[in-house]
Amino acid sequence: MADVTVRAPAKINLHLEVLGLRPDGFHELAMVMQSIDLSDTLVLRTTADAGIRLRSDSQELPTDGSNLIVKAAQRLRDRVGLPELGMECTLHKRIPIGAGLAGGSSDGAAALVGLDALWGLGLGRERLHGLAAELGSDMPFCLEGGTQLCFGRGERLEPVPHAGAAQRAVLLLKHPAASVSTPWAYARCRDLRGDFYLDNEADFEQRRLALRQGPLLKALAGSALLPPLRNDLQAVVAPEVESVRLGLDLLRSQPGSLAVAMSGSGPSLYALFPDLAAAEAARRGLEQELVELGFEAWCCRCGGSGVSLVADGSPP
Ligand code: C5P
């Protein structure tokens, strides 16, 4: 079969609320996740020898069995009971690594969708959902994309009604020297506020309801002003990572942004703008400080979809 090309977009968290600790050791979360049009691209082809191989244009990325693309391929092949299937993946990496933008999860989700097509399995997204949730908490969101409420570990999705109406955009910052481990951020969160966690389903559901009916969802569905954004991991990470504090201050200094926050477990930061032109104007306004402080910056639109097959098969 011909090569299959898949686009894997990043996400930001518009809301990340840590509700409690679950019996499985994961945290119970209430989040709103948003796809953005900063994407990696995977080109997949079959191999004759049942090998599973990954190569990438990024020097920083492991390409062994710890990579979610390789894990996804192995798990999918095991699940359908066809050990003779092989694949070779070329990954064009654009999403910063270890940034809280779900780059690794999106690559893994893209591998599932791409291999379903390449290997002619015909499973479809619904049946890939369970496999995605086994591989990573953010992976089901990456499959679906758009604007979604994400509950449980992050894998229980509810679409946000009418969220696609506004063409918002982000100015995204990340310091290349900073990287945050997600397990570290959650463990630190537990150390700092473990006694204040909710511990029962009724209280969890009350918080979910508050989010569904709260000002953020109203603003996303219409033109109401965005409330200040909440990310509980920001208070955990910012005291430890100087570039997070500096980047947040820099973004807050920009007039015209709708809101500023850290994404996921960081250390990437973003300011939300009404449109791409406003985000680009803010980037120009900050050019000198960004260079002096050594930040990398991207302007991108908020997107309406998760991983997608690229019809013409051409890499970026
Ligand atoms: O599911 P994923 O592999 O992305 O999670 C990475 C780590 O982040 C977990 O091993 C866990 O330490 C932490 N985590 C958590 N609660 C969640 C999601 C992730 O504690 N809901």
Side-chain angles (χ1 to χ4, degrees), residues 8-35 40 61-62 64-76 95-112 128-145 148-158 178-201 203-205 207-208 211 230-237 240-241 262-268 306-307:
K11 61 85 183 159
I12 53 171
N13 290 81
L14 298 176
H15 185 92
L16 192 165
E17 192 177 342
V18 178
L19 304 182
L21 195 60
R22 300 150 47 106
D24 63 6
F26 280 76
H27 286 81
E28 183 71 26
L29 303 175
M31 303 191 283
V32 178
M33 303 234 254
Q34 170 68 60
S35 303
D40 293 341
L61 201 70
D64 60 10
S66 66
N67 190 295
L68 277 169
I69 294 174
V70 175
K71 283 188 186 171
Q74 286 168 341
R75 190 73 65 94
L76 183 59
I95 305 171
I97 297 162
L101 299 170
S105 298
S106 196
D107 292 348
L112 291 177
L128 293 175
H129 199 282
L131 206 53
E134 287 172 28
L135 288 159
S137 307
D138 287 346
M139 230 195 247
F141 170 78
C142 294
L143 270 185
E144 299 302 323
Q148 308 254 359
L149 288 152
C150 306
F151 298 129
R153 282 190 292 127
E155 86 290 10
R156 280 175 48 195
L157 308 182
E158 288 177 23
S179 164
V180 173
S181 141
T182 304
W184 171 84
Y186 279 106
R188 183 99 183 105
C189 182
R190 191 169 58 228
D191 291 345
L192 290 175
R193 48 166 278 202
D195 291 346
F196 298 96
Y197 281 162
L198 304 176
D199 61 6
N200 64 81
E201 177 54 28
D203 285 346
F204 294 160
E205 188 52 29
R207 295 305 311 154
R208 292 180 199 125
L211 183 56
R230 174 172 176 174
N231 179 343
D232 289 351
L233 296 179
Q234 195 173 306
V236 171
V237 173
E240 308 286 335
V241 185
M262 187 178 84
S263 180
S265 55
S268 64
V307 300

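Throughout, numbering of the chain's residues begins at 1 and tracks the sequence. Read the numbers this way: they start at 1 and go in the same order the structure lists the ligands and their atoms. Everything quoted here is computed from the prediction, not taken from an experiment.
- The two residues Val180 and Gly266 make their nearest non-hydrogen contact at CB-O, 3.8 Å.
- In this structure, the side chain to side chain contact (heavy atoms under 4.5 Å, CB included) partners of Ala178, at least two apart in sequence or on a different chain, are His175, Val241, Ser243, Pro267.
- Applying the salt bridge (Lys or Arg N to Asp or Glu O under 4.0 Å) test to Asp40 and every residue at least two apart in sequence or in another chain returns Lys93.
- Protein residues with a heavy atom under 4.0 Å from ligand 1 are Phe26, His27, Leu29, Gly136, Ser137, Arg153, Thr182, Pro183, Tyr186.
- To the nearest 0.5 Å, the span separating CZ on Arg193 from CG on Asp195 amounts to 11.0 Å.
- Ion pair Glu201/Arg208 flagged as a salt bridge, since at least one NZ, NE, NH1 or NH2 atom sits closer than 4.0 Å to an Asp/Glu carboxylate oxygen.
- With sequence neighbours excluded, no residue satisfies ring pair (Phe, Tyr, Trp, His ring centres under 6.0 Å) with Phe26.
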